[in-house]
Amino acid sequence: HVKKFCSSNKTKSLSTPQTIKIFTQMKSYIFYAALITQAVPTLKLYVAEHCICGYETLYAHKSKRVRKYFVYYKAGRIRIMLYIIMLFLIYSFAGCLLEMIYCTLLNLKYESRKCMLIGMLCPVYGIGALSILGFTAPFRGSKTAVFIIGAIAATLAEYITDMFYKEILHVEFWNYSNRFLNINGRVCLTYTVLWGFLSLGLVYYAHPKISILAKSVDSRIAAALAVIFIIDAIASIYLLRRFESKNAINIFMLCRGLVS
């Protein structure tokens, strides 16, 4: 329907404010992102800079609109990518920190739960959070739907991540074989339900605040963090694959030659 509307002559009879008013009623971030490649230029720019990146100026209203549109639309796509990367890093760090605190209190001793060589990150939480936000976006009006879809999306992300660790890197970070209703020890019913409750907290409480934080990060800082993460990820994958042990990303054990 959207593609037909954007390609029809109806858009030519509407002013820019009228066109924007029609589409700003659609609240899904995923839908906004999909519209970027289909809508009229002024709407593309509005979507990229207002709905995702939060900028206040509609540059298409200025002079030389065509040239400015291409410049700012390209910059908008880069900001979107950096924004998503920042969300991934924030949620990976937050998840790692929460799990470390939980395991330390549960076992009464310090436990490092990071899955990277340098950064204190658990990528499964970043992937899980983005999966929850993405798949639940069209259903924000129903908490029941968010709970169910969020639980399924996060469980699927956890299953695929564990498959990558075990089948490709030959490393095991978690094992639910002794849990009730588990699937190959990768996921289980208990944590699926927990993911559902976390989805509610993430979508309705945490993400609106974290989203503002992610948007406030300077583009140069976000780009630098993205580069550091990529280097860290490559080094971590290499060490895990070589030693086939999660101790391979323990810098202290690695430097002392305790990893073999």
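Remember, it's a predicted structure, so these values are computed and weren't measured experimentally.
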- Query: Can any side-chain N or O of N182 pair as donor or acceptor with the backbone N or O of V187 at less than 3.5 Å?
  - Reply: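 No: the side chain of N182 does not pair with the backbone of V187.
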Is there a side-chain contact between [X] and [Y] (heavy atoms, below 4.5 Å)?
{"X": "T161", "Y": "F173", "result": "no"}
{"X": "C115", "Y": "S236", "result": "no"}
{"X": "H170", "Y": "R241", "result": "yes"}
{"X": "R140", "Y": "V203", "result": "yes"}
{"X": "M86", "Y": "L82", "result": "no"}

- Mark yes when over 12 heavy atoms from residues, nucleotides or ligands other than Y159 sit less than 6.0 Å from its OH; otherwise mark no.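 Yes - once you tally the heavy atoms of other residues, nucleotides and ligands closer than 6.0 Å, there are more than 12.
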- Item | Y102 atom OH: more than 12 heavy-atom contacts under 6.0 Å |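 Incorrect, the count does not exceed 12.
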- Message: According to a hydrophobic-cluster definition based on side-chain heavy atoms being under 4.5 Å apart (Ile, Leu, Val, Met, Phe, Trp, Tyr only), do L169 and M163 belong together?
- Response: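 No: no chain of side-chain contacts under 4.5 Å links L169 to M163.
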- Consider only side-chain heavy atoms of I, L, V, M, F, W and Y, link residues closer than 4.5 Å, and tell whether I221 and I85 are in one cluster.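 In one cluster: yes.
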- Query: Do the ring planes of Y165 and W174 sit parallel (below 30°), tilted (30 to 60°) or perpendicular (above 60°)?
  - Reply: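 Ring orientation, 0 to 90° scale: perpendicular.
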- Item | Verdict with reasoning, E167 to R186, per salt bridge (Lys or Arg N to Asp or Glu O under 4.0 Å) | CA-CA 12 Å; E167 301 299 330; R186 305 183 195 278; 3.0 Å; yes
- Hey, would you say the F229 and F88 ring centroids sit under 6.0 Å apart? yes
